[in-house]
Asks: 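My questions will all concern the structure given below.
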Amino acid sequence: MTTFSTLYNYFSSNPGFFLFSVFLLSLIVGSFLNVVIYRLPIMLKREWKTDCMGFLSDDIEKDLSVDALLNKTEAIKKDHETFNLSIPRSRCPSCGHQITVLENIPVISWLFLRGKCSACHSSISIRYPFVELSTALLSVLVAHTFGVQWFTLAALILTWSLISLSMIDFDTQLLPDNITLPLMWTGVLISLLSLSNISLENSIIGLMAGYGSLWSIYHLFKLITGKEGMGFGDFKLLAVLGAWLGWQALPLILLLSALVGSIIGVLLILLLGRDKNIPIPFGPYLASAGFISLLWGEAIKQFYFNLVLN
Ligand SMILES: [Zn+2]
């Protein structure tokens, strides 16, 4: 307890040092997020595949030839090699060179290696330092906005989760339950512990209304057009934001995500010539809108009411 109060006092009287500490910590977190973004979808797909094989194997085996059975056993064996967030160690996808500790320093290693593998010189995506640096900068923004208090830590965890969800959804059109569900309950817990100024009641109504509103839009859209406009992960993500920010934040979040979504959608089509029939995941827009509401929701509401009332 005394260590905490010492740290609290030190951070409070040295705001620059506080922000710098958050920056360094978040660079390392950003490096871990890169691993989560890349590996979690692969882990989930392996799990689903194993489950499906289990369900189907009894039916399949009767019809398989010996060769096909051998191939299948080989494939299952390969899938059962340990693969999680820490094992195996990161390797260069081109040559298999194992990334050393020195080559794994956020942003700096990438700059030092000039974006190339030290062994085979094939290029390393700029995405890795980009995710690390964005994580660090957004985290400093959060720390600067909320200052030295417990809620800042919670808001950082929400921010890091939103970054992972956005990137995973962008890559794979998935919003994994392993991230959204714990985040939903964390939102309620934070209200329960009075760490935020959202009452428990507003948090729970926010959770239900967040899920329910997109669920209704989804079914209405499906009824009218016969198409599926979004996934169930989107409902859960809005439930997360409702639980964290209260139900009052939901209209702003929906409005902002529609706005950000249409701007980026039009830019993608105009600048990159992206085919407008390719579905654009909704998760990154919901996440961005949630982040904006977390930081500036109150200010935007005040600005809007002043505009309306004057
Ligand atoms: Zn290499």
Side-chain angles (χ1 to χ4, degrees), residues 20 22-50 52-53 70-140 156-157 159-176 178-179 264 267-268 271-275 278-281 283-284 287:
F20 184 66
V22 169
F23 183 80
L24 286 187
L25 173 75
S26 310
L27 273 181
I28 298 166
V29 170
S31 177
F32 175 67
L33 294 189
N34 273 323
V35 177
V36 173
I37 292 162
Y38 176 68
R39 293 194 182 189
L40 186 59
I42 298 178
M43 286 158 58
L44 290 175
K45 281 176 190 165
R46 283 182 177 218
E47 228 170 81
W48 294 331
K49 213 168 121 190
T50 315
C52 291
M53 293 286 255
L70 280 176
N71 281 340
K72 200 188 118 189
T73 334
E74 226 19 68
I76 290 176
K77 231 200 277 169
K78 211 173 156 215
D79 274 0
H80 278 259
E81 278 162 20
T82 310
F83 186 91
N84 57 37
L85 292 180
S86 53
I87 298 167
R89 294 273 311 274
S90 301
R91 288 174 179 281
C92 164
S94 304
C95 70
H97 162 71
Q98 190 167 307
I99 312 289
T100 64
V101 177
L102 269 182
E103 288 165 3
N104 216 356
I105 303 168
V107 184
I108 293 169
S109 292
W110 190 88
L111 289 174
F112 195 71
L113 293 165
R114 296 205 189 95
K116 289 185 169 63
C117 166
S118 66
C120 72
H121 302 290
S122 63
S123 61
I124 307 166
S125 170
I126 193 164
R127 213 179 116 137
Y128 297 107
F130 172 78
V131 168
E132 287 156 359
L133 204 59
S134 317
T135 305
L137 292 178
L138 294 177
S139 301
V140 167
L156 285 175
I157 291 170
T159 305
W160 299 334
S161 308
L162 290 178
I163 294 171
S164 318
L165 285 172
S166 300
M167 297 302 286
I168 292 174
D169 195 23
F170 183 77
D171 286 346
T172 63
Q173 265 86 53
L174 290 172
L175 290 167
N178 317 36
I179 302 178
I264 293 180
L267 282 179
L268 281 179
L271 296 179
L272 299 176
R274 194 183 165 113
D275 184 350
I278 297 176
I280 298 170

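Every number for a ligand or one of its atoms is a count from 1 in the order of the listing.
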Asks: Please indicate whether Leu111 has more than 12 foreign heavy atoms, meaning atoms of other residues, nucleotides or ligands, lying under 6.0 Å from its CG.
Replies: yes

Asks: If we check side chain to side chain contact (heavy atoms under 4.5 Å, CB included) with Cys117, which of these qualifies: Pro93, Ser94, Cys95?
Replies: Cys95

Asks: Any donor and acceptor pair, going by atom type alone, linking the side chain of Ser26 with main-chain N or O of Val29 inside 3.5 Å?
Replies: no

Asks: Under 3.5 Å, is there a donor-acceptor pair between the side chain of Arg89 and the main chain of Ile99?
Replies: yes

Asks: Would you say the Zn ion (ligand 1) has Cys95 as a near neighbour, meaning an N/O/S atom of that residue under 2.8 Å away?
Replies: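 True for Cys95.
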
Asks: Do you see an N/O/S atom of His97, backbone or side chain, under 2.8 Å from the Zn ion (ligand 1)?
Replies: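 Of the N, O and S atoms in His97, none lies under 2.8 Å from the Zn ion (ligand 1), which means no.
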
Asks: Rounding to 10°, state the angle centred on the Zn ion (ligand 1) that links SG in Cys92 with SG in Cys117.
Replies: 110°

